[in-house]
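The structure displayed is predicted, hence computed values, not measured ones. Proteins get letters first, then strands, A, B, ... in listed order; numbering begins at 1 in each. When reading the values below, keep in mind they use all heavy atoms of this one structure, side chains included, and skip hydrogens, waters and symmetry mates.
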Number of protein chains: 2
Amino acid sequence: MNHLSGHPSLTPMLRKLMKWSALDEEDQQAILDLPHEIRRVDRGDYIVREQDKPSHAALLLSGFAYRHKFVGSGGRQILSVHMSGDMVDLQNTLLRTADHNVQALSRAVVAFIPCRAIKELAFGRPRVGMAMWYDTLVDGSIHREWTANVGRRDARARVAHVLCEFGVRLNDGDLGSPCTYEFPMTQEEFADAVGLTPVHVNRTLKALDRDGLTDRAHRSVSIKQWDRLAEIGDFSTNYLHIQDEQGRAGADLPAWRMRP
Amino acid sequence: MNHLSGHPSLTPMLRKLMKWSALDEEDQQAILDLPHEIRRVDRGDYIVREQDKPSHAALLLSGFAYRHKFVGSGGRQILSVHMSGDMVDLQNTLLRTADHNVQALSRAVVAFIPCRAIKELAFGRPRVGMAMWYDTLVDGSIHREWTANVGRRDARARVAHVLCEFGVRLNDGDLGSPCTYEFPMTQEEFADAVGLTPVHVNRTLKALDRDGLTDRAHRSVSIKQWDRLAEIGDFSTNYLHIQDEQGRAGADLPAWRMRP
DNA sequence: CGACGTGTTGAAGGAGCTCAATCTAAGTGG
DNA sequence: CCACTTAGATTGAGCTCCTTCAACACGTCG
């Protein structure tokens with residue numbers, strides 16, 4: 001990791017929080033004024049380690065990261081994937097001891113904000129606090145969906161589900177289109193996210209291609225039949241709790257987002 | 001459900017919140033003064049349904065409840081189990097639309113508190129708000145552990161893990177001892193919690209018995225060899241973020257709680 | 001160029017599933 | 001108090017989806 005003083009600003013975080021709660025000028029300024037330190041990290045670098053007691057909360061300004069934990073047998077479960085604007089360890093602000101790892105999935109720029117500053121902001125400015133709380137709640141909702149994904153869906157559905165979720169979230173963060181994007185994970189990482197082996201993920205992906213649902217070349221994903229893929233993956237956007245800038249849940253979403 | 005005016009008080013919630021954050025007299029009184037309505041529910045009654053837009057947050061005063069969601073293929077994934085004092089849908093206070101179901105696992109007493117009152121309390125009294133936020137964060141941590149449980153552990157470990165977690169949480173809530181308790185789920189429900197079939201859960205439980213790790217009779221569980229069961233279940237209490245009344249994480253825990 | 005990380009494919013085995021029957025305990029009505 | 005009912009626990013046999021192991025292909029990068 002190399003350190004450098006901060007040209008990149010906290011705008012991505014502001015952008016995200018504004019989706020969750022209406023913030024006035026002062027709220028917005030307070031967020032941007034948060035003290036922070038910027039670091040660039042490489043693919044594979046750890047941002048937080050299980051058992052750490054971080055004094056700073058990490059915020060992803062660009063690139064991708066993922067959260068994961070190891071199990072006794074040596075396996076690894078990827079718990080979520082994060083993109084620009086995500087607060088990858090807001091929970092450590094209050095929880096003190098990290099219960100899982102956060103690792104960079106690509107080169108990334110990360111802002112580290114003192115936990116104390118986060119707490120003061122959250123409770124000094126209720127609207128900001130509400131937005132942060134909202135964010136952690138959406139995080140929890142995604143965790144629940146992933147539990148259901150690995151617990152009760154077969155391989156084809158698990159894989160399809162993640163492909164859909166990723167497209168929607170990239171789109172929602174203005175980072176790509178829902179049906180064509182660069183997938184930031186290797187198949188080994190994909191496997192650890194869906195609770196399968198890399199071999200079987202590979203076969204499942206190939207099968208989706210063969211059936212004309214997707215079209216992949218290396219890491220680039222193109223979803224050819226969104227509706228059918230979403231159906232196979234049992235995907236609906238409800239659990240993402242997407243809101244427009246005015247904070248109306250699910251308002252005016254394009255048809256492909258919702259499932260009847 | 002039958003309604004009745006509230007003899008039972010919100011004490012269990014207060015008890016829980018005090019573990020998460022130091023609250024002064026006024027904070028405590030404010031919690032107990034929260035407006036609420038008490039309902040008794042029977043086993044199987046729904047407390048919240050997916051897609052509901054609840055105006056009240058449910059709080060479990062006694063009995064057990066569980067959260068779950070259905071997947072496309074008809075299967076069901078149980079996401080968490082709750083006991084006295086748990087706020088089973090705090091998230092709906094902010095998220096508006098429920099993304100999963102909450103159902104009673106036994107006869108239970110539930111308090112319904114207006115969402116507005118919760119929000120006012122959370123942001124009017126930062127220490128209370130922090131405790132509530134903390135609670136939702138621990139909730140998220142448990143979700144993560146469950147994702148890893150169903151995603152990356154084999155049947156024996158999954159089952160052992162849940163048996164350990166349940167004992168510790170009951171003990172922590174002063175509802176039982178960690179090694180001997182009444183398990184509130186049928187094997188079918190257990191199966192939906194660990195992503196297995198009831199048949200295989202049954203075989204796995206019997207195997208644990210046969211190996212002298214547990215001793216079950218109907219629903220009552222007795223853990224004979226805690227250390228070995230915890231080892232098999234890859235269980236450690238870290239992810240539960242247990243704190244003592246002074247808010248010191250993991251302080252003075254009995255030896256059986258921690259794993260080196 | 002050679003080496004390494006990643007993707008792809010085949011073949012064989014196994015953990016957990018499905019289907020189906022039987023057993024048990026806890027009601028429930030008479 | 002007992003026959004009857006029923007939900008849940010238990011057990012067996014066969015099958016399948018996914019894993020394991022192993023080899024090979026491909027692209028990138030020092």
Side-chain angles (χ1 to χ4, degrees), chain A residues 42-44 71 73-78 103-107 149-163 182-211 214-221 232, chain B residues 42-44 64 66 71 73-78 103-107 149-163 182-211 214-221 232:
Chain A
D42 283 326
R43 168 171 169 78
V71 300
S73 53
R76 174 181 68 162
Q77 177 66 44
I78 292 183
Q103 207 171 351
L105 200 47
S106 67
R107 294 187 142 214
N149 203 40
V150 296
R152 278 290 178 239
R153 291 202 262 256
D154 65 19
R156 193 173 167 87
R158 286 186 215 185
V159 167
H161 192 279
V162 170
L163 292 178
E182 286 296 309
F183 195 70
M185 290 194 272
T186 65
Q187 291 183 7
E188 189 175 351
E189 287 156 345
F190 201 158
D192 283 339
V194 293
L196 297 167
T197 57
V199 171
H200 201 62
V201 163
N202 181 276
R203 289 195 234 269
T204 308
L205 283 170
K206 295 237 100 179
L208 292 176
D209 265 21
R210 186 173 358 91
D211 297 346
T214 57
D215 189 9
R216 291 169 316 110
H218 196 51
R219 299 279 175 83
S220 80
V221 173
I232 288 167
Chain B
D42 282 326
R43 168 170 170 79
F64 295 94
Y66 64 114
V71 299
S73 53
R76 174 180 68 160
Q77 177 66 44
I78 292 182
Q103 208 171 352
L105 200 48
S106 67
R107 297 187 139 213
N149 203 39
V150 296
R152 279 290 179 238
R153 291 202 261 258
D154 66 17
R156 193 171 166 87
R158 287 186 212 185
V159 167
H161 192 280
V162 169
L163 291 179
E182 285 297 309
F183 195 69
M185 291 194 271
T186 65
Q187 291 183 6
E188 187 174 354
E189 288 156 343
F190 200 157
D192 283 339
V194 292
L196 298 167
T197 56
V199 172
H200 201 62
V201 164
N202 181 275
R203 289 196 234 269
T204 307
L205 283 169
K206 293 238 102 179
L208 292 175
D209 264 21
R210 185 170 2 90
D211 298 346
T214 57
D215 189 10
R216 291 169 316 110
H218 195 49
R219 299 279 176 82
S220 81
V221 173
I232 288 168

- Item | Boundaries of the chain B footprint along DNA chain D (any atom under 4.0 Å from a heavy atom) | D:dG8 to D:dA13

- Set of side-chain contact (heavy atoms from CB on, under 4.5 Å) partners for B:Thr186, sequence neighbours left out: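 Expected list: B:Arg43, B:Glu188, B:Glu189, B:Arg219.
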
- Task: Can you sort out the partners of B:Thr204 under side-chain contact (heavy atoms from CB on, under 4.5 Å), two or more places apart, ordered by chain and number?
- Result: B:Ala155, B:Arg156, B:Val159, B:His200

- Message: Once salt bridge (Lys or Arg N to Asp or Glu O under 4.0 Å) is applied, do any residues pair with A:Arg107, and if so which ones, sequence neighbours excluded?
- Response: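 A:Arg107: salt bridge (Lys or Arg N to Asp or Glu O under 4.0 Å) contacts with A:Asp42.
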
- Nearest-nucleotide 5' precedence on DNA chain C, A:Arg152 against A:Thr186: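 Nearer the 5' end of the strand: A:Thr186.
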
- Taking for A:Arg203 and for B:His200 the nucleotide of DNA chain C with the nearest heavy atom, the one nearer the 5' end belongs to A:Arg203

- Not counting sequence neighbours, list each pair that qualifies as a salt bridge (charged side-chain N to carboxylate O under 4.0 Å, His left out) and has a residue in residues 190-205 of chain B.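 Those involving residues 190-205 of chain B are A:Arg152-B:Asp192, B:Arg76-B:Asp192.
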
- Note on the structure: DNA chain D nearest-nucleotide lookup for B:Arg219 and A:Thr197: closer to the 5′ end is B:Arg219

Donor-acceptor under 3.5 Å ([X] side chain, [Y] main chain):
| X | Y | answer |
| --- | --- | --- |
| B:Asn149 | B:His161 | no |
| A:Gln103 | A:Gly44 | yes |
| B:Arg153 | B:Arg158 | no |
| A:Gln77 | A:Ala193 | yes |

- Query: Does anyone know the first and last nucleotide of DNA chain C in reach of chain A, 5' to 3', at under 4.0 angstrom to a heavy atom?
  - Reply: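 Reading along DNA chain C, I get C:dT6 to C:dA11.
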
- With a 4.0 Å cut-off on heavy atoms, is B:Arg156 in touch with a base, just the backbone sugar-phosphate, or nothing at all?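 Nothing, no nucleic acid heavy atom in range.
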
- Task: Under 4.0 Å between any heavy atoms, over every strand shown, what does A:Arg158 touch: base, sugar-phosphate, or nothing? Just pick one.
- Result: nothing

